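Note that the structure is predicted; figures quoted are calculated from it, not measured.
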Amino acid sequence: MSNVFTHKNGFPNPLRWIGAGALGFFAEIGRLSTFAGRVTFAAFTPRWFWGEIGRQIIRIGFYSFPVVGMSAVFIGAALALNIYTGGSRYGAEQFVPNIVVLGITRELGAVITGLMLAGRVSAGISAEIGAMRVTEQIDALETLSASPYRYLYAPRFIAALITLPMLVAAANIIGVMGGWLVSVYSLDFDSTTYLRNTLDFVTRDDIMVGLIKAVVFGGVIAVMGCYQGDRSQAGATGVGRAATLSMVGAAVLVLATNFILSNLFVEIGL
């Protein structure tokens, strides 16, 4: 009997491959959306496990701060150097502090933090949940009438929503100071003038845009980690594959969501 993805003469049928891929893609979106809805419902309705939420806040937020801080300072420094190089071609070097603070607060602070946590947090959550799935610990919870959505997934989701804005706020400050360090000590900017221009140019809306993005990114990262972990297959290979898929999926969704939110903020004038 011939394969459904090949012609009768044995050559592959590209239309069937494309159709199967499209159907699989939309089916995956449906499963992920349903899972995200159930996690969100569990997160915003009682009962809450505050001890588990606190532990996840420390694991997601506190332990992620060093890598976020180091990434932010180098991004801010590199951004200042590149803006100075581009601006010097048009005699616009004085706009370095303005563009640095705008780029960090509205875009790079949230995106870089989201990508760092997509690698560190989403993969970690997926591996942890995946290990519990393959060792039947989640099945045991369900047998005892304990919902894994409320006890396992919701605390991680809530913790990510809380900690991501905090990390982004810290990344914004550190990134701007990284640009200040390079500008003052390498590009011969006056420190007082640089800081004054930075504070005069940034607005509350610029800061709010980054923090709103951070909340959304936190939900995306936590949901993707829990989703892939929950679907993990048996064995170490299955858990490793789930961690990889969660990291890649979370990173792609962070970038896609960032574009959608940026476009929305431009449309509403925020």
Side-chain angles (χ1 to χ4, degrees), residues 36 39-40 43 53-54 56-80 83 97-125 155-182 195 198-199 201-226 246-247 249-266 268 270:
V39 172
T40 303
I53 292 173
Q56 294 303 321
I57 288 175
I58 293 174
R59 295 179 63 180
I60 295 174
F62 181 75
Y63 293 151
S64 298
F65 180 75
V67 66
V68 170
M70 287 189 293
S71 301
V73 70
F74 289 123
I75 288 295
L79 184 62
I83 293 172
N98 308 64
I99 301 176
V100 167
V101 70
L102 185 68
I104 291 291
T105 55
R106 293 186 69 96
E107 192 74 18
L108 291 177
V111 171
I112 293 301
T113 302
L115 292 177
M116 290 297 103
L117 267 68
R120 182 190 178 278
V121 173
S122 187
I125 290 176
R156 289 161 174 80
F157 182 78
I158 295 171
L161 295 184
I162 294 172
T163 57
L164 258 293
M166 296 180 182
L167 289 172
V168 167
N172 290 343
I173 297 172
I174 296 171
V176 169
M177 295 311 296
W180 170 81
L181 286 171
V182 169
L195 293 176
T198 297
L199 294 175
F201 186 76
V202 70
T203 65
R204 182 176 61 182
D205 288 347
D206 297 329
I207 298 172
M208 287 303 300
V209 164
L211 296 181
I212 292 171
K213 288 182 177 181
V215 174
V216 177
F217 294 167
V220 167
I221 290 167
V223 166
M224 183 56 69
C226 293
S246 68
M247 179 185 66
V252 172
L253 286 177
V254 163
L255 295 174
T257 306
N258 177 67
F259 170 75
I260 294 172
L261 292 176
S262 297
N263 188 60
L264 176 62
F265 292 143
V266 170
I268 66 177
L270 185 60

* Of all the heavy-atom pairs spanning S71 and I112, show the shortest one and how long it is. => CB-CG2, 3.9 Å
* To do: Using a 4.5 Å cut-off on heavy atoms from C-beta on, say whether the side chain of Q56 contacts that of F157.
  => no
* Asked: Under a 4.5 Å cut-off applied to non-hydrogen side-chain atoms, are F65 and I174 in contact?
  -> yes
* To do: Give the intermediate values and the outcome of side chain to side chain contact (heavy atoms under 4.5 Å, CB included) for residues V215 and L164.
  => CA-CA 6 Å; V215 174; L164 258 293; over 6 Å; no
* What are the two closest heavy atoms between P97 and T198, and how far apart are they? -> CB-OG1, 3.5 Å
* Has F265 got more than 12 heavy atoms of other residues, nucleotides or ligands less than 6.0 Å from its CZ? -> yes
* Closest heavy-atom contact between A123 and S246? -> CA-OG, 3.5 Å
* Residue pair S64, R120: steps toward the side chain to side chain contact (heavy atoms under 4.5 Å, CB included) verdict -> CA-CA 8 Å; S64 298; R120 182 190 178 278; 3.1 Å; yes
* To do: Report the distance from atom CZ of R106 to atom CE of M208, rounding to the nearest 0.5 Å.
  => 11.5 Å
* Hey, could you give me the CD1/CD1 distance between I58 and I53, rounded to the nearest 0.5 Å? => 12.5 Å
* Looking only at side chains, do T257 and K213 share a donor and an acceptor under 3.5 Å apart? -> no
* Decide side chain to side chain contact (heavy atoms under 4.5 Å, CB included) for M177 and V73; before the verdict, give the C-alpha distance in whole Å, the side-chain angles of both, and the deciding distance to 0.1 Å. => CA-CA 7 Å; M177 295 311 296; V73 70; over 6 Å; no
* Asked: Which atom pair, heavy atoms only, marks the closest approach of A171 to A72?
  -> O-CB, 3.5 Å
* CD1/I75 to CE/M116 distance, rounded to the nearest 0.5 angstrom? -> 8.0 Å
* Heavy-atom check, side chain of L115 versus side chain of F217, under 4.5 Å -> no
* **Within-4.5 Å side-chain heavy-atom neighbours: V209 and T105** => no
* Asked: Which distance, rounded to the nearest 0.5 Å, do you find between the CG of L102 and the CD1 of I99?
  -> 8.0 Å
* Does N263 use its side chain to pair, donor to acceptor, with the backbone of I260 at less than 3.5 Å? -> no
* T203 vs I207 side-chain heavy atoms within contact, under 4.5 Å -> no
* **Value rounded to 0.5 Å, distance of CG in N172 from CD1 in I104** => 7.0 Å
* Spatial distance of atom CD1 (I173) from atom CH2 (W180) [nearest 0.5 Å] -> 14.0 Å
* Structure fact -> Closest non-hydrogen atoms of I158 and A43, given as atom of the first, atom of the second and distance, are CD1-O, 3.5 Å
* Structure fact -> Minimal heavy-atom distance between L167 and V68, with the atoms involved, is O-CG1, 4.0 Å
* **Any F259 side-chain heavy atom under 4.5 Å of L255 side chain** => no
* Asked: Should T163 and F62 count as side-chain neighbours, where that means a heavy-atom distance under 4.5 Å?
  -> no
* Would you indicate whether the side-chain heavy atoms of I125 and C226 approach each other to under 4.5 Å? => yes
